[in-house]
Amino acid sequence: GENVEQHPSTLSVQEGDSAVIKCTYSDSASNYFPWYKQELGKGPQLIIDIRSNVGEKKDQRIAVTLNKTAKHFSLHITETQPEDSAVYFCAASEWDFGNEKLTFGTGTRLTIIP
Amino acid sequence: GAVVSQHPSRVICKSGTSVKIECRSLDFQATTMFWYRQFPKQSLMLMATSNEGSKATYEQGVEKDKFLINHASLTLSTLTVTSAHPEDSSFYICSARVGGFGTEAFFGQGTRLTVV
């Protein structure tokens with residue numbers, strides 16, 4: 001099955017600076033890679049995703065890059081703000097015995113320092 | 001984005017009792033819903049995949065007789081934790097996919113289950 005590794009586990013960034021979170025995956029058949037933001041006591045919220053036929057996608061201050069050859073993808077947050085503080089999860093989608101499922105990374109706790 | 005509503009958000013129950021958690025897709029039909037379990041400061045672990053009108057597919061190590069999943073309609077899936085024990089205390093989260101392979105999955109707000 002798919003294995004997703006995520007780094008770093010914690011990240012502190014000064015407000016206004018950029019934050020980068022990296023993930024690697026193992027299954028070359030995976031072709032959908034979403035990123036989720038989870039605030040304390042809440043469910044994950046989709047913030048951006050990318051499919052394998054695209055190398056980069058941007059949405060305002062958030063961007064995701066994908067390198068299929070190296071099997072890694074990254075989340076970039078620019079001009080960070082205090083409300084960006086949360087836990088971020090990457091995921092990779094795989095097809096498994098007739099069902100599609102998401103395998104999540106271990107999460108990154110991002111803290112924005114005012 | 002699409003809205004997935006999960007109820008209740010918090011529940012406390014006594015050991016040995018059963019608890020039902022509901023997951024509803026409010027503005028779309030979801031042929032497939034997923035149930036996850038999350039321990040404090042850990043990632044989401046898939047428990048089972050629920051397809052409307054058929055039996056759920058459980059991940060390895062998940063007891064299907066303990067975690068009963070019913071997906072009776074295109075907008076509702078339920079997870080029942082039977083004969084709950086303190087070790088079942090966790091954060092349970094459902095999600096629903098809008099379309100087919102490689103489409104967005106939206107998550108409910110989660111249910112904090114505490115078994116005392």
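Each chain gets a letter, A, B and so on, in the order its sequence line appears, and its residues count up from 1.
Judged by distance alone, the side chain of B/E22 and the main-chain N or O of B/P8 form no donor-acceptor pair under 3.5 Å. A/S52 places no side-chain N or O within donor-acceptor distance of the main-chain N or O of A/S30, the cut-off being under 3.5 Å.
Contacts with chain B were tallied for A/G107, A/P44, A/G105; A/P44 has the most, counting heavy-atom pairs under 4.5 Å.
If you measure heavy-atom distances from A/Q38 to chain B, the contacts under 4.5 Å come from the side chain alone. Interface remark: A/F89 contributes side-chain atoms only to the contact with chain B (heavy atom separation under 4.5 Å). When heavy atoms are compared at a cutoff of 4.5 Å, B/Q38 approaches chain A solely by way of its side chain, counted from C-beta outward. Of the two parts of B/L44, the backbone and the side chain both hold a non-hydrogen atom closer than 4.5 Å to a non-hydrogen atom of chain A.
Ring planes of A/Y36 and B/F107: perpendicular class, angle over 60° (limits at 30 and 60°).
The six-membered or imidazole ring of B/F67 lies away from that of B/Y58, with a centre-to-centre distance of 6.0 Å or more.
The shortest distance between side-chain heavy atoms of A/H76 and A/T65 falls below 4.5 Å.
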